[in-house]
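Step one of this worksheet: look at the structure below.
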There are 2 protein chains.
Amino acid sequence: MERADAARNRARILEAAALLFAERSPQDVTMDDIAKKAGVGRGTLYRRYPDRASIAVALLDEHERALQERLLRGEPPLGPGAPPAERLAAFYAAMVRLLEDHSHLVLGSEVGRSRFETGAYGFWRAHVRALLVAAGTPGRDALVDVLLAPLAPEVYDYQRTVLGLTTEQITRALTRLTAVLDG
Amino acid sequence: MERADAARNRARILEAAALLFAERSPQDVTMDDIAKKAGVGRGTLYRRYPDRASIAVALLDEHERALQERLLRGEPPLGPGAPPAERLAAFYAAMVRLLEDHSHLVLGSEVGRSRFETGAYGFWRAHVRALLVAAGTPGRDALVDVLLAPLAPEVYDYQRTVLGLTTEQITRALTRLTAVLDG
DNA sequence: ATTGTATGTGGACGCAATGTCCGCTTATAG
DNA sequence: CTATAAGCGGACATTGCGTCCACATACAAT
């Protein structure tokens with residue numbers, strides 16, 4: 001059971017981190033910045049969150065949970081019921097929304113390899129793999145990560161920020177990937 | 001024109017870096033390690049290579065050039081002449097070889113966003129885009145990076161190291177992506 | 001209420017790596 | 001042989017990380 005002061009500080013930390021992540025590039029936010037803004041000491045911060053990524057993950061958590069819930073029990077085509085290809089397309093569209101709405105958080109949490117070690121990646125992976133099974137697509141195990149790769153925050157950020165593509169263009173391109181299901 | 005001692009030191013630095021990158025994880029190799037192993041001072045190292053990534057890029061350069069040459073002027077299906085889908089499949093196979101043979105270098109050079117800023121990425125991008133144009137595929141500009149995303153070193157490394165997939169499995173999965181060309 | 005104690009706090013501290021700076025050295029040209 | 005531009009190298013300041021521990025405080029048991 002969590003003590004009252006601990007709970008208060010956790011809330012302060014998350015709030016401060018959200019503000020800082022929103023106002024500047026995630027890797028320019030130091031653990032010290034977060035501690036200062038939250039009004040807690042360095043040790044208190046490290047007690048719960050060993051690094052920046054874990055804070056961003058905590059902040060993302062609720063949004064990701066909401067999407068996961070819709071994937072499991074929501075209406076088709078996102079939820080169960082629709083054909084696999086349509087469900088995959090709906091999943092892509094939803095992920096683009098998530099990336100767009102919380103790009104700063106996602107960039108803060110999932111830099112490089114750490115992306116694969118989050119629980120969320122495991123969930124997306126299981127979901128897409130199930131769709132591949134349902135569609136009877138061979139070579140699932142390798143195809144899953146291939147299909148998830150374009151959702152890497154760096155890729156999305158590059159497409160949006162550097163190339164100046166719209167969310168619609170990206171969503172359409174991702175939708176074309178559903179062609180690999182039936183083949 | 002480059003002075004003799006400068007050329008000697010450049011060679012020493014690259015050789016030392018190659019050894020170090022081969023023997024341990026790239027991010028565990030510090031600039032200081034490289035300088036020490038090369039027998040040069042810190043300032044000498046920084047004079048040419050502002051960071052680890054630029055050294056890895058230099059080391060990768062010749063291998064990438066060789067592939068680029070084959071893409072431009074080599075035999076089909078890698079070089080010009082074959083249908084776009086086959087050329088894309090051949091490109092994927094060649095990139096898997098490159099990633100496999102030089103994974104440590106690639107991981108050292110292209111962590112996260114920096115991948116998109118290398119000249120090599122620009123080349124791969126132009127190549128794949130040309131294939132999309134040749135195939136008459138719509139939505140090129142967004143599709144290019146989607147098709148290149150699974151070649152991100154982190155993704156490949158995750159598939160090989162953590163999931164334990166074979167190069168064949170990965171190549172086959174990538175080959176399936178060529179389905180998006182005709183559709 | 002009081003007190004005991006487990007839990008939590010906070011900032012000082014040591015460490016490791018970065019990138020810069022500048023006096024010294026050396027290659028090369030005339 | 002000498003002038004000089006280019007290159008060298010290591011000391012230094014800086015920055016961020018993660019730990020540690022003396023102190024504080026919430027909560028429960030009496």
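Numbered from 1 within each chain, the chains take letters A, B, ... in sequence-line order.
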Worksheet item: So, is T44(B) close to the dG7(D) phosphate, meaning a side-chain N or O under 4.0 Å from OP1 or OP2?
Response: no
Worksheet item: Under 4.0 angstrom, heavy atoms only, what part of the nucleic acid is R52(A) near: base, sugar-phosphate, or nothing?
Response: sugar-phosphate
Worksheet item: Contact class for D51(A) vs. all strands (heavy atom < 4.0 Å): base, sugar-phosphate, or nothing?
Response: nothing
Using a strict cut-off of less than 4.0 Å between a Lys/Arg side-chain nitrogen and an Asp/Glu carboxylate oxygen, indicate whether [X] and [Y] qualify as a salt bridge.
X: R65(A); Y: D61(A); answer: yes
X: D32(A); Y: K36(A); answer: yes
X: R12(A); Y: D5(A); answer: no

Out of [options], which has the shortest distance to the side chain of [X]?
X: T30(B); options: dG8(C), dC8(D), dA17(C); value: dA17(C)
X: R42(A); options: dC17(D), dA11(D), dG10(C); value: dC17(D)
X: A4(A); options: dC27(D), dG7(D), dG18(D); value: dC27(D)
X: N9(A); options: dG10(C), dC17(D), dC8(D); value: dG10(C)

Worksheet entry | Closest-nucleotide ordering on DNA chain D, the 5'-leading residue of E2(B) and G43(B) | E2(B)
Worksheet item: On DNA chain C, nearest-nucleotide positions of A7(A) versus M1(B): which is more 5'?
Response: A7(A)
Measure the distance from [atom1] on [X] to [atom2] on [N] and round it to the nearest whole Å.
X: R12(B); N: dC8(D); atom1: CZ; atom2: P; value: 10 Å
X: R10(A); N: dT9(C); atom1: CZ; atom2: P; value: 10 Å
X: K36(B); N: dC8(D); atom1: NZ; atom2: P; value: 18 Å
X: Q27(A); N: dA17(C); atom1: CD; atom2: C1'; value: 18 Å
X: D33(A); N: dG16(D); atom1: CG; atom2: P; value: 7 Å
X: Y49(A); N: dC17(D); atom1: OH; atom2: C1'; value: 19 Å
X: D32(A); N: dA12(C); atom1: CG; atom2: C1'; value: 12 Å
X: I34(B); N: dG19(C); atom1: CD1; atom2: P; value: 12 Å

Fill in: Polar side chain donor-acceptor pair, D145(B) to Y121(B), under 3.5 angstrom
yes
Worksheet entry | Test log, rule side-chain contact (heavy atoms from CB on, under 4.5 Å), inputs L132(A) and L143(A) | CA-CA 9 Å; L132(A) 290 175; L143(A) 203 48; 4.1 Å; yes
Worksheet item: Is R3(A) side chain donor-acceptor paired with the dT25(D) base, going by distance under 3.5 Å alone?
Response: yes
